[in-house]
Amino acid sequence: MKLEGRRESSNVEDRRGGGGMRLGLPVGGVGGIVLILLLSFITGQNPLDLLGSLSGGTGIESPASDPGGPPAADEGAVFIRRVLASTEDAWTQIFSQSGQQYEAPALVLFSDATPSACGTGQSAMGPFYCPADRTVYLDLTFFEELDRRFGAPGDFAQAYVVAHEVGHHIQTLAGLSDKVSAMRQRSGEVEGNQLSVLQELQADCYAGIWGALAAQEGLLERGDVEEGLRAAAAIGDDRLQRQAQGRVAPDSFTHGSSEQRVEWFRRGVENGRLDACDTFAAR
Ligand SMILES: [Zn+2]
């Protein structure tokens with residue numbers, strides 16, 4: 001991708017390093033325990049889970065986050081901020097075509113584990129979007145895995161992953177996430193899984209729409225779309241989410257086949273319009 005000199009999003013929060021919260025408060029001692037009980041009360045999470053997520057991070061090789069300081073300048077963080085900014089620009093443009101205002105999601109960079117409104121996010125789950133706090137959660141080490149384990153290297157493959165999670169945010173804004181969870185509660189396991197697959201494929205298609213606009217903006221290089229297609233094929237959510245944990249990982253029950261994922265991503269790229277991504281109607 002050609003992202004040099006492009007705008008960086010201000011919606012990225014860096015929680016790498018201490019594996020902790022942005023509060024930057026000491027976890028040990030009485031103050032820490034009070035803090036954990038308080039957080040547990042606020043978030044409704046098990047205090048032991050919170051303790052694990054607050055103190056569990058080793059943060060090896062990750063730059064420590066500096067709450068209130070300048071944003072991390074490492075290549076990975078800058079790249080993510082630029083990709084997120086390009087999704088913001090794309091969706092702002094698409095929403096404005098129908099007179100709507102786009103509310104961008106937040107994105108949290110973390111290492112190992114971090115609290116979210118959907119429960120504790122763990123690196124092993126792969127990237128995920130939490131509708132309850134409208135935030136994408138991402139551990140950058142996932143991209144090494146994407147390269148080595150899943151054979152999908154390249155910066156566009158990484159950007160595609162971010163764009164897919166932003167696709168889930170678009171579904172939340174459209175009220176679809178709520179609708180699908182309600183439908184899933186009423187349906188059996190098989191139908192529930194089918195609904196999830198349709199939701200995933202739509203997020204792939206939305207990632208394709210972003211890809212189309214990124215191409216128009218001159219952000220793509222030769223071979224980028226192929227990189228994205230390879231990533232779409234390589235990362236069925238089933239393969240990403242080795243450690244499914246209930247609602248913490250909305251993607252964990254769900255996967256389209258590689259072929260389906262490629263098809264819907266391509267459809268988004270080629271049409272560049274929301275109505276081309278109605279996976280539910282296509283059923
Ligand atoms: Zn997904």
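Both ligands and their constituent atoms are indexed starting at 1 by order of listing.
In this structure, F110 has no ring-ring contact (aromatic ring centres under 6.0 Å, His included) partners at least two apart in sequence or on a different chain. For the side chain to side chain donor-acceptor pair (under 3.5 Å) test, residues two or more places apart in sequence or in another chain that qualify with Q100 are S98.
As for H164, its N/O/S atom nearest the Zn ion (ligand 1) is the one called NE2.
Because the distance cut-off is set at 2.8 Å, E165 fails to qualify as a neighbour of the Zn ion (ligand 1), as none of its N, O or S atoms comes that close.
Residues L274 and I209 approach most closely at N-CD1, 3.6 Å, considering heavy atoms.
D74 and R16 are joined by a salt bridge, as a carboxylate oxygen and a charged side-chain nitrogen come within less than 4.0 angstrom of each other.
For the pair OE1 of E200 and NE2 of H168, the angle whose vertex sits at the Zn ion (ligand 1) is 100° to 10 degrees.
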